[in-house]
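Data block below; observations after.
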Amino acid sequence: MIALDVMTVLLVCTGLVFFVAGTAGLLRFPDFHSRLHALTKADNLGLGFIALGVAFQMTDAWSVAKLALVWMLAGLAAASVAQLVARAALDRLPDESGGEHKG
Amino acid sequence: MTAPLPGAFPALELLIVLPLAASLLAILLGGRLAPRIVLLLGPAMLVVTAVLAFQIQTQGPVRVEIGGWEAPLGIALIGDGLAGVFLVLTAIVMTAVGVFAQKPFGSEGAETTESYTFWPLYFAMWAALNAVFCGGDLFNLYVALELLTLTAVAMVAYGSTRAALRYLLFALAGSLAYLMGIVLLYSATGTLDIELLARQDTIEATRMVSGALMTAGLLAKTALFPLHGWLPPAHGSAPAPASALLSSLVIKASFVIIVRIWFDVMPDVAGTVFVQLLSILGAGAVLYGSLLALRQTRLKMIIAYSTVAQLGYLFFIFPLAGGAAAETPWAAGAWSGGMFHALAHGLAKAAMFLAAGLVIEALGHDRIDDIKGIARALPLTMFAFGLAAVSLMGLPPSGGFLAKYLMLTAALADGQIGLALVMLAGGLLAAAYLFRPVNRALAGDYVPEVAVVTYWRQLIPLGLALLSVALGIISEPPYDLLQVGRSKVAVEGIDD
Amino acid sequence: MSGAGLDSATLFALTGAILIGIGVYGFIVHAHLLRRILAFNVIGSGIFLMFGALGFRGAGNGTDPVPQALIITGIVVALSLTALAVALLVKLAEEEGGATLPEEQPGRGEAE
Amino acid sequence: MTDAMPILLMLCPLVSAVIIFFLREENERLRTTINIGSSLLKLGLVAWTLEGVGRGVIYEYRLEFVLGLYMLLRIDALALLFIALSSFLWLVTTVYAIAYFRGTANLSRFFGFFNLCVFATTGIALSGSLISFFFFYELLTLSTWPLVVHKGDHESLAAGRTYLGYTMVGSAVLLFAIVWMEGTTGPVEFVAPPELDKLSGTAQGAIFALLVAGLAVKTAIVPVHSWLPKAMAAPAPVTALLHAVAVVKAGAFGIVRIIYDVYGIDRMAEHSLGVPLAMAASVTIIYGSLKALQQTDIKRMLAFSTVSQISYIVLGASLPGPFATIGGLVHLVHQGLMKITLFFAAGVLAERRGVHSVSQMAGIGRRMPLTMLAFSVAALGLIGVPPLAGFVSKWYLGIGGLQAGHPWVILVLAASSLLNAAYFLPLIYRAWFTEGPDSLEQYDGKEGPTALILPAVVTAFATLGVGVLAGFAFSPLGWASLIVQREYIP
Amino acid sequence: MTAALLFDAGLCLLVLVVAFSAVAGRGLFGAIAFFIIYGMLIALAWLRLEGVDVALAEAAIGAGLTGMLLIGAWSMLKQLGVSGLPGGPSVPLRIAAGAVSGLVALALAATVLALPDGREGLSPAVAESLGRSGVDNPVTAVLLNFRAYDTLLESVVLLIALIAVWSLTPRAVWGGVPGLAQHARSDGVLSMFGRLLPPLGLVVAIYLVWAGSSQPGGAFQAGTVLAAVWLLVVMAGLYDEPPASSRNLRLALVAGPGVFLAVGAVGAAFGVFMGIPEGFAKPLILSIEFALTVSIAVTLALLVAGRPRRPA
């Protein structure tokens, strides 16, 4: 049983590392798009690891499936929203991106 | 199915189910047919309320355990005298206003915003009022009160958005305080049923805090003196049928809950300080409301401020209840007097607002300086206004007089000269600010040209005003109905 | 502290009380109506949190189901009121270009 | 039968009022028949009860309202005196009003309220308990106000406003006193005086003062009398019936009830409540006559003379001893007859000849012989010239004053008679013995429609008859002594 | 045990900080953003209190829909130029408000601490009658059987709130389409997202309703999920809102409360108002829940969309 707990702790820690990285990116990166980039990528990966870690604690398969569903949905939502926010940002901050991208 | 015996006839439940069903039907049928529902529902409700009153009178208070679950778990409906009397008042005023509103919110031609949305709100308000008057569970009263606030705010919004918003803010604050009180009460006693709560006599501190919170919240909704800021603009600028409902019924709902709290749930907790505070606020309301009503230039604003004033009387039952000592049995009428005042005021105020509505329909405005001679153009309407004014002033032979007399006797027997003087002063001030418009309406010798107002619609306010006056004459049946299931505290007094 | 000692239920109940305080602060301080509506929602959730916490009976057997049901009802009622408040506020802004309730003379709108 | 009579008496005016309210303006004929019919019916009923009460039959009806509040209607001798007067004068005034108002606007409303007001007056007379009295006392205010503001012009509205102002305050004071008393003694009935001993001496005095203050407004006792002259702005029939008979008499009748049936003569003497009241009445008598002297407008002069005449009744009632009481009660009827004649005559003069002020009275006697004859008879009666009605009441009041040990009453009566003469005689002299200006010629020869002149003449004859036939049992004097006899030797 | 207490303490502190910045924050949009996060944290707190049903409701309705309402209002106010007030509240007002709110919080805290512990509330009564209620989840039992009358009134409150919002429609636009026109690119990310999620959302909603009888879930939470799906579809520009005057929209609105009321009325006819006979309690409750879910979903979606603004 100890092995499962050790695996969980390990995985959750790596997940946390990614979250910290994402947040550091949010605070440190110069412009809007890079911050957005950092956030979506790092946090999503972090969430994946944590979900995996927690999966080890689950007793039945259904719960694991639900966790996977949660992670997949979160990933999908994050990706779509990042796209939309990036596109919206383009219209409002034209000087940063240089080129004229039609929305 | 044979006609059920009056005993087994589910009158109380029908009073909730019918208006709710009508509201849903109104949403479904749309603006063209919705107004016609009231022509069916009104009489039906009057009949059901009459049967209920008969049941209460003959078999004592009716108690309905909803869903078959008894008190602590399920919700109970109480059909005692107090509930019966207010349900009858609601049925009468609602039917009258519903028939009156056929024209302004009618459906000739295409469906408009008003003709569609008014009727679901109207029936939902009716259901909410009935739910509040016979509710037996405090949280259930909260949900019914919120439904009532929603419909009331929406009706005010027909007239002025700003007034509706101010009303909503006060109502929100009020409902939060009331909710907080419920949370504390439930956590302390483990039940929300009024009858079970009455048997609790422990944890005095928590019950006092929760009582104070609930009362503060309900005072905001009843617009008692310091918290009345929202009422005049709301009742003044809402359309006439809406203001009639607001002034005569909606504010009485939260008042009845306060009565239930302090006369049924926790009479022993109310200290003399609390009772005195209510009487002072009531006196303030009477004087402040009347003085401001004197200064208004619009008819509906006068009536709205008059509501603020007349509300003050209702809160005199707290200091005056009791005084049922053996040698002065006639001095125990304050509680019933207060309820009679609520009834007479309800009928008279509805009549007045409808009359004002007719004046607005006829002249296009209700500025007092320019309604010269309207008494000749709309004789019946102004006669109804005058009759309602008589009842509001508490002049015999009206219901208002009977209420004032009962409360005055109790006040003087109890030695509270101050309250007696305030009541008399209130009556005089009411005479001052109500005769001003009547005087102006009689003035002038020409008949102003007016838009045509159909004859039978003028009979509605007249009917309500006559009922308000008749309350003072045929006062035996309502009085006996009121005594059924009345809490003994109402006769022995609150301040322990 | 007397009473139930510092177990998590009491902790959440106290948090509820403080939330109500914060909400009341917001309700009084702000003139902008949207912020007052937000404050109203904070107070509401604070009250419900306290209600639930006071009904919490130890880690194993969860919270007393009756408060839970009442809270769900309360949340829906709060949403309805917020929706109406927001709709009224937007209409007020469209009509009079303001989002506050200055205490001036009552509305001059004629009936009908 | 004994409890049906009060209801019948009450229903007569009420039913006619309700019907007339909903009548169209046009059906004049129906309205007139209802008016006359109901007043005749009532007069018949009064005659029937007169005979019954004479035999000692008690008519009583009790309508239970609610805990501690019930309506008691009871016909005793005193009530009948007032009812007989009001029914007779109601009939006469109806005839006068129909003639006076022929062709003017919203008469259904007028006669509706007119009958409602008579209903209230009947109620006041019949009420057997203090609260029932207050009930109808208030109703009287409400039904007379629309009559005062009937014309709708500026003065009558102003008059209406002052009238309301005074009466509303008065009724508030009265209600306070009644409830204060009833708070401790329970519902007060006139037949069984309440146990006032529960209240302290000062409280009894204070309650009496408040009761009288409340009633003083309608009795137009000095400090609170100024609404009466102002109410002259109302049309003539209104001033005639209401301000000479119904409204003003209701106040006086109330004071009589309070003194005899609530407090009782011995309690009055014990707390010496009678003297201050007598003083107030005397002051009013003198002040009223003085003010009347200064008036140029006839109707205002008559109003001020009413102010002083009513206080005769109060004076009579406040002095202990049977004779003063008889004098007061009989004056209740006599003053009504005389004053109504004067108002009728003044109304005809104003209506037919446009005569409003005293100076215009020159030579009017030749052109309006009958009206002026009635006017003169009533005026002389008021002055107290025997054998007219005025003399009888003043005579008894004088003896009563002596008997009660207050000789100054004689002085007051004498002074007021002199003042009455001072303002009435020049009027009569100018009307009969001076030559009027020819401008009056262009009026058509006839004096006016008989229906307008007849009422004044009839009441003038009544004044004469009452004075001459005072000795009869069924004369007002006889009836007054019957009342006093039952009062003092129960 | 102290670890759990430590976590709770941390959570509570976080909740208070977020709440304070939501209420006293500088910018209005920032305040709304903080409010949504606050809603999530409160949902977490409810999980700690093992009130899973309430956690679902708080997350979906408390944070989700209320947040959407506030953001919608903020954007409209921004267009009208009234989204922010120049000067903040004056300092004395802040101090006074602080004092009042502090007093309120203290009083409530004292009352809470004064409550006797070992309170059972009504959970034993619920547990004992759970068997006869036809469902296993105690919260659903209370909501739809013991206190069914409350829930009936509440569903009417929700419906009437929509009618109230519609009553603000100016006469010219009555019967029109609620909400603002959405203009998303037909081949963009949002429309793809809008096409992908709805089926999944539908499945989750039905699962929530079905599971509601035995595990946490129920009509309100499921209704919110459906409403969210519908709003996403509209925002993705795939469908437009039905006009307010359309017949079947009105039918959908009335379905939930209508079925609920019908069951109640039938019960009343047999002597027990709102009585759900034990024999077939479960199917009855489920049918009520499904009808309620439909109505709640449509009502919530239209509430967030606001009053009709565009002609039909």
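Order of the sequence lines sets the chain letters (A, B, ...), proteins ahead of strands, with each chain counted from 1.
- Nearest heavy-atom pair across C:Gly26 and E:Val23 is CA-CG1, 3.3 Å.
- Closest of all the heavy-atom pairs between C:Ala69 and E:Val142 is CB-CG1, 3.4 Å.
- Interface remark: E:Leu80 contributes side-chain atoms only to the contact with chain C (heavy atom separation under 4.5 Å).
- Interface residue E:Val104: only side-chain heavy atoms are found under 4.5 Å from chain C.
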- Item | Chi angles and distances behind the side-chain contact (heavy atoms from CB on, under 4.5 Å) call for E:Leu49, C:Leu49 | CA-CA 9 Å; E:Leu49 286 169; C:Leu49 185 66; 4.1 Å; yes
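- Using a 4.5 Å cut-off between heavy atoms, E:Trp74 contacts chain C through both its backbone and its side chain.
- Neither the backbone nor the side chain of E:Ala127 comes within contact range of chain C; no heavy atoms are under 4.5 Å apart.
- Taking C:Val29, C:Val24, C:Leu84 one by one and counting their heavy-atom pairs under 4.5 Å with chain E, the maximum is reached by C:Val29.
- At a 4.5 Å heavy-atom cutoff, the contact between E:Ile32 and chain C is made by backbone and side-chain atoms alike.
- Proximity to chain C (any heavy atom under 4.5 Å) is shown, for E:Leu144, by neither the backbone nor the side chain.
- Residues C:Leu70 and E:Asp150 come closest through the heavy atom pair CD2-OD2, 3.8 Å.
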- Item | Pair E:Gln221-C:Ile72, side-chain contact (heavy atoms from CB on, under 4.5 Å): steps then yes or no | CA-CA 9 Å; E:Gln221 296 82 347; C:Ile72 292 175; 3.9 Å; yes
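- Contacts of E:Phe220 with chain C are made by side-chain atoms alone, with heavy-atom separations under 4.5 Å and no backbone atom involved.
- Looking at E:Ala9, both its backbone and its side chain come within 4.5 Å of chain C, counting heavy atoms on both sides.
- The nearest pair of heavy atoms linking E:Val126 to C:Pro65 is CG1-CG, 3.7 Å.
- Minimum heavy-atom separation, E:Leu28 to C:Leu34: CD2-CD2, 3.8 Å.
- For E:Val139, the parts lying under 4.5 angstrom from a heavy atom of chain C are both the backbone and the side chain.
- Residue with the most contacts toward chain C among E:Ser123, E:Ala105, E:Ala161: E:Ser123 (heavy-atom pairs, distance under 4.5 Å).
- How far CG of C:Leu79 is from OG1 of E:Thr299: 10.5 Å, rounded to the nearest 0.5 Å.
- Heavy atoms only, all atoms of each residue included: C:Gly21 and E:Ser101 are closest at O-CB, 3.0 Å.
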- Does the pair E:Leu16 and C:Ile22 meet the rule for a side-chain contact (heavy atoms from CB on, under 4.5 Å), with working shown? CA-CA 8 Å; E:Leu16 291 178; C:Ile22 293 173; 4.2 Å; yes
